[in-house]
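Here the structure comes first, spelled out in C-alpha cells, and everything after it is commentary.
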Amino acid sequence: MNFVFITGTAGSGKSTLALSLEGRLHSSEVDVATVNLDPGVLWLPYTPDVDIRDYVNYERMIEEYKLGPNGALVACVDAAVNHVDEMKGELEKLGPDYVLVDTPGQMELFAYRDSGTFIASALSDNNFSVLFLADSLFLNRASDYVAVLLLASSINARFKVPQINCISKVDLLPKELYDRGLLWISDPELLKEAFLAESHDLKTEMSERLLDMLIDIGALGEFIFTSSNTGEGLDDLYAQMQRVHTGGEDR
Ligand SMILES: Nc1nc2c(ncn2[C@@H]2O[C@H](COP(=O)(O)OP(=O)(O)OP(=O)(O)O)[C@@H](O)[C@H]2O)c(=O)[nH]1
Ligand SMILES: [Mg+2]
C-alpha cells in the first residue's frame with residue numbers, strides 16, 4: 001500500500017482532490033482507498049473507507065474537556081494516535097494499491113505536531129509521500145506565491161519524504177494569471193523579479209534571501225496545475241505518484 005497524505009492550505013480543495021484523484025486512479029483500474037483524518041469535518045465529497053470520526057468524537061472532546069474548537073481538534077488527533085493499529089487493520093483488509101489520506105484544514109494540526117507525523121509513519125509503515133496543495137488564489141501576487149513556496153519547504157522539512165506540490169482550482173485562474181504562474185514556476189528568476197517589483201524594502205530582504213537560497217539549492221521544484229472540476233493535471237499528478245512510489249508505471 002502506497003500512502004499519499006494530502007496536506008495544504010485551508011480550503012485549498014484537499015477533500016475534493018481526494019475524490020477526483022480517487023476517480024482518476026479508478027479509471028486506470030488502480031485499487032484505491034480513502035482515509036479521512038479531519039475529526040471536525042461535517043461533510044465530505046467522498047465516502048471515506050477509514051474515518052478518524054469513527055474513533056474520536058470532536059463534539060464530546062469540546063463538552064467533556066471544555067475545549068475550544070482548535071483545542072478539541074488537537075486533542076482528537078492526539079487521541080487518534082491510540083487507534084492507528086485499528087485504522088491500519090481496516091486498510092489491510094481492503095489491501096489497495098494506493099491510500100489517499102485527507103488531512104485537516106488546519107494544516108498545522110497534522111503537519112506541525114508530532115501526532116500527525118507519528119500517524120503518517122505508523123499507518124503507512126513509513127511508505128508515504130506528501131501531496132502539498134495550495135490554492136490558485138496564491139498566484140495573484142508574487143509575494144503570495146513566495147509565501148506558498150516557503151510553506152511547501154517547511155512541510156518538506158517536517159516530513160522529509162518525497163513531496164508532490166500542486167496548485168489547486170486552476171479552472172478559476174484568468175488566462176493571464178495562469179500563464180504568468182507557469183512562467184514563475186518554470187523560471188524562478190522571473191518570479192524573483194516580480195517579487196522585488198512589488199516592493200523592495202527591509203522587510204522583503206529576508207524573503208528575498210530565503211528565495212535565493214531555495215533557487216540556489218534547486219528546492220523550488222515543480223508545481224503541478226490541477227483542477228478537480230476539469231480534471232486538469234490529474235494525469236501528471238498520477239504519473240508523479242507512480243514515479244515516487246513505484247519508480248514508474250503501476251501496471
Ligand atoms: N473551482 C474549483 N473549486 C474547487 C476545486 N476543488 C475544490 N473546490 C471548492 O473549494 C471549496 C473547498 O474545497 P474542499 O475540498 O472542502 O477544501 P479542503 O482543502 O478540503 O478544505 P478544508 O479541509 O476545510 O481545509 C469547495 O467549495 C470546493 O467545491 C476546483 O478544482 N475548482
Ligand atoms: Mg477538507
Side-chain angles (χ1 to χ4, degrees), residues 3-25 27 32-56 58-59 62 68-74 76-77 80 87 99-113 115-116 119-120 129-140 144-145 147-148 151-152 154-155 158 163-178 181-182 185 223-238 240-241:
F3 284 71
V4 180
F5 283 78
I6 306 176
T7 67
T9 54
S12 56
K14 298 178 289 298
S15 303
T16 311
L17 184 66
L19 175 73
S20 58
L21 194 52
E22 181 185 33
R24 172 63 192 83
L25 294 178
S27 73
V32 50
T34 51
V35 177
N36 168 46
L37 281 189
D38 190 342
V41 74
L42 296 177
W43 180 85
L44 287 168
Y46 60 96
T47 307
D49 295 294
V50 176
D51 196 334
I52 192 174
R53 295 172 298 176
D54 293 337
Y55 296 96
V56 293
Y58 175 65
E59 299 293 334
I62 292 180
N70 288 312
L73 287 175
V74 167
C76 281
V77 174
M87 292 195 246
V99 181
L100 304 178
V101 187
D102 182 20
T103 69
Q106 291 78 354
M107 198 171 72
E108 67 276 19
L109 195 70
F110 177 74
Y112 297 137
R113 291 182 56 83
S115 37
I119 291 173
S129 62
V130 166
L131 191 166
F132 172 77
L133 194 62
D135 202 300
S136 61
L137 268 178
F138 292 108
L139 287 175
N140 281 341
D144 294 347
Y145 183 56
V148 159
L151 197 55
S154 100
I155 297 290
R158 184 75 178 133
Q163 181 168 320
I164 303 169
N165 294 321
C166 298
I167 301 285
S168 64
K169 309 182 194 178
V170 296
D171 56 291
L172 296 179
L173 276 178
K175 182 165 175 10
E176 198 188 310
L177 296 191
Y178 184 106
L182 284 181
I185 289 165
F223 266 79
I224 304 173
F225 271 23
T226 62
S227 164
S228 287
N229 276 14
T230 64
E232 177 172 351
L234 297 184
D235 288 350
D236 277 358
L237 176 49
Y238 175 42
Q240 282 280 4
M241 285 163 54

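Throughout, residue positions are numbered sequentially from 1 according to the sequence presented. Order of appearance sets the numbers: ligands from 1, and atoms from 1 within every ligand. Computed from heavy atoms alone, side chains included, the values below leave out hydrogens, waters and symmetry copies.
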Fill in: Taking atom 2 (C) of ligand 1 as the reference point, the nearest protein heavy atom with its distance
Asn229 ND2, 3.4 Å

Worksheet item: Distance from Leu234 atom CG to Leu21 atom CG, nearest 0.5 Å?
Response: 6.5 Å

Practice prompt. Could you walk me through whether Met241 and Leu100 pass the side-chain contact (heavy atoms from CB on, under 4.5 Å) test, one step at a time?
Written response: CA-CA 11 Å; Met241 285 163 54; Leu100 304 178; 4.2 Å; yes

Fill in: Heavy atom of the protein closest to atom 31 (O) of ligand 1 (residue, atom name, distance)
Ser228 N, 2.8 Å

Worksheet item: Got a second to check how far Thr226's OG1 is from Ile167's CD1, nearest 0.5 Å?
Response: 8.0 Å

Fill in: ligand 1 atoms in contact with Asp171 (distance to a heavy atom under 4.0 Å)
1 (N), 2 (C), 30 (C), 31 (O), 32 (N)

Fill in: Numbered atoms of ligand 1 (with element) below 4.0 Å of Ala10, judged on heavy atoms
25 (O)

Item to complete: Would you mind running through ligand 1 and noting each atom that sits below 4.0 Å from a heavy atom of Thr16?
Response: 6 (N), 7 (C), 13 (O), 14 (P), 15 (O), 28 (C)

Practice prompt. Classify the angle between the aromatic ring planes of Phe5 and Phe110 as parallel (below 30°), tilted (30 to 60°) or perpendicular (above 60°).
Written response: parallel

Worksheet entry | Numbered atoms and elements of ligand 1 in range of Leu172, under 4.0 angstrom, heavy atoms | 1 (N)

Item to complete: Could you tell me whether any N, O or S atom belonging to Ser15 is less than 2.8 Å from the Mg ion (ligand 2)?
Response: yes

Practice prompt. Return a yes/no value: protein heavy atom under 4.0 Å from atom 7 (C) of ligand 1?
Written response: yes

Worksheet item: When you measure from atom 11 (C) of ligand 1 to every protein heavy atom, which one gives the shortest distance, and what is it?
Response: Lys169 NZ, 4.0 Å

Worksheet item: Counting heavy atoms only, which of Ser15, Gly13, Gly8 is nearest atom 20 (O) of ligand 1?
Response: Ser15

Worksheet item: Which residue supplies the protein heavy atom nearest to atom 18 (P) of ligand 1, what is that atom called, and how far is it?
Response: Lys14 N, 3.4 Å

Practice prompt. First locate atom OG1 of Thr103, then atom CG of Asn36, and finally report the distance between them rounded to the nearest 0.5 Å.
Written response: 9.5 Å

Practice prompt. Examine the side chains of Asp102 and Ser15 and answer whether a donor and an acceptor come within less than 3.5 Å of each other.
Written response: yes

Worksheet item: What are the two closest heavy atoms between Pro39 and Val77, and how far apart are they?
Response: CG-CG2, 4.1 Å

Worksheet item: Is there a heavy atom of Ser227 sitting under 4.0 angstrom from any atom of ligand 1?
Response: yes

Worksheet item: Do you know the tightest heavy-atom contact between Arg53 and Leu44?
Response: NH2-CD1, 3.5 Å

Worksheet item: What is the minimum heavy-atom distance between Tyr46 and Val35, and which atoms define it?
Response: OH-O, 3.8 Å

Worksheet item: Which protein non-hydrogen atom lies closest to atom 12 (C) of ligand 1, naming both residue and atom, and how far is it?
Response: Gly11 O, 3.7 Å

